[in-house]
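Structure first, commentary second.
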Amino acid sequence: MPRRRIRPSWWRRSLRRLGVAALFAAVGSGLWYLEEREVRDRLSWMGVPTWERSSPLSLHRVLRNDGFLVGWSDLRVSPLWASYALEPGAARGVGERPAFRRDWRTLWPVTPDSYRRSGYDRGHLAPNYAIARVHGPAAQQDTFLMSNMVPQRPNLNRRLWQRLEEVVIDHFVPRFGRLQVIAGPVFADEFMEGALRRVGLVEVPEAFYKILVVPGPRPRALAFLMPQGVGGGEPLDRYLVSIDRIESLTGLDFFPQLPSGVETVLEGRVEASGWGLAAVANLPGRFD
DNA sequence: TTTAATGT
């Protein structure tokens with residue numbers, strides 16, 4: 001019976017092939033994991049933001065870009081955070097503003113036209129100017145991906161938020177040497193409310209946060225929460241909040257690797273001394 | 001070197 005002699009060796013050969021394939025998959029995914037972790041560590045501080053188990057709406061996946069990371073939510077069809085580091089170093093010349101581009105990783109069709117005639121600006125989370133200056137032209141290109149955009153009212157985007165971005169790169173970065181920044185949207189409590197209030201498919205936030213951290217053994221932090229409805233000329237320090245407040249509004253844990261003793265101090269209170277905020281809180285915007 | 005973005 002020749003057929004019975006063929007089968008065992010066929011099985012053995014198939015098993016061996018499967019074993020080799022599994023080995024390659026394991027090594028490959030292991031290498032991918034190490035490389036991914038290395039990039040995330042370099043672009044973030046004390047871990048990338050994670051979410052509370054109880055809140056599926058803060059579930060997201062991490063999109064890697066040149067110079068910054070984005071946490072993308074397929075439920076809200078929106079970024080939930082962008083995280084990046086800024087440092088003085090050799091400041092590069094900043095080129096012209098590139099065109100807005102669709103990001104195919106989002107799967108949902110969010111295009112440069114999605115906000116048209118909505119009354120909302122395409123507002124950057126990771127900012128064009130600061131990222132371009134610190135991380136160069138390829139990173140600047142990436143800031144114009146639609147996965148980095150949130151619908152912002154013009155008075156916020158072009159005035160109050162722009163003033164904050166300017167103060168960060170022009171005053172805080174030279175003052176402290178290195179800053180970690182996380183920015184993102186805050187959505188309404190009611191799920192149905194948010195499900196209906198959209199620009200294209202993108203959910204419209206009620207407010208936006210920006211967290212600044214000076215890394216180090218004794219880190220320093222400052223956090224802002226700015227609503228859509230601002231006029232634009234308000235003093236920046238009117239919008240100071242604790243990181244804990246932003247975490248409770250978003251369901252995110254921003255620095256999961258931070259030791260809990262440090263976390264309590266850093267996230268629980270508003271500690272603005274040492275930032276020199278008074279001197280910059282009322283600087284005029286560039287586009288008033 | 002010059003910080004946002006829309007609409008025509």
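Note: hydrogens, waters and symmetry copies are ignored here, and every other heavy atom, side chains too, is used.
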Completion exercise
Result for 5'-nearest mapping on DNA chain B, choosing between A:Arg117 and A:Val94, is A:Val94
Practice task
Check each residue of residues 148-161 of chain A for a non-hydrogen atom within less than 4.0 Å of any atom in DNA chain B, then write out the ones that pass by number, or none.
Solution key: A:Asn157, A:Arg158
Completion exercise
With a 4.0 Å cut-off (strictly under) to non-hydrogen atoms of chain A, the first and last hit nts on DNA chain B, 5' to 3', are B:dT2 to B:dG7
Completion exercise
Sorted by chain and residue number, the side-chain hydrogen bond (donor to acceptor under 3.5 Å, both in side chains) partners of A:Gln140 (sequence neighbours excluded) come out as A:Asn128
Completion exercise
Across all chains, not counting sequence neighbours, the salt bridge (charged side-chain N to carboxylate O under 4.0 Å, His left out) partners of A:Arg159 are A:Asp288
Exercise for the section: Would you mind classifying the nucleic acid contact of A:Glu166 as base, sugar-phosphate or nothing, using non-hydrogen atoms under 4.0 angstrom? Expected result: base
Practice task
Sorted by first residue and then second, give each ring-ring contact (aromatic ring centres under 6.0 Å, His included) pair with at least one member in residues 241-284 of chain A; sequence neighbours left out.
Solution key: A:Trp45-A:Phe255, A:Phe172-A:Trp275, A:Phe176-A:Trp275, A:Tyr209-A:Phe254
Fill in the blank from the handout: The salt bridge (charged side-chain N to carboxylate O under 4.0 Å, His left out) partners of A:Arg102 (sequence neighbours excluded) come to none
Fill in the blank from the handout: Residues at least two apart in sequence or cross-chain that pass salt bridge (charged side-chain N to carboxylate O under 4.0 Å, His left out) with A:Asp237, listed by chain then number, are none
Exercise for the section: Within residues 119-142 of chain A, find the residues that approach DNA chain B with a heavy atom at under 4.0 Å, and present them sorted by residue number. Expected result: A:Asp121, A:Arg122, A:Gly123, A:His124, A:Asn128, A:Tyr129
Handout entry: Partners passing salt bridge (charged side-chain N to carboxylate O under 4.0 Å, His left out) against A:Arg40 (at least two apart in sequence or in another chain)
Key = A:Glu36
Problem - Test side-chain contact (heavy atoms from CB on, under 4.5 Å) applied to A:Thr143 and A:Phe100, A:Phe68, A:Tyr84, A:Tyr129, the passing residue - result: A:Phe68
Problem - Contacts of type side-chain hydrogen bond (donor to acceptor under 3.5 Å, both in side chains), residue A:Asp142, not counting sequence neighbours - result: none
Practice task
Name all residues meeting the side-chain hydrogen bond (donor to acceptor under 3.5 Å, both in side chains) criterion together with A:Asp244; count only those two or more places apart in sequence or in a different chain, and write none if there are none.
Solution key: none
Practice task
Taking side-chain hydrogen bond (donor to acceptor under 3.5 Å, both in side chains) as the test, write out the residues that go with A:Gln141, two or more places apart.
Solution key: none
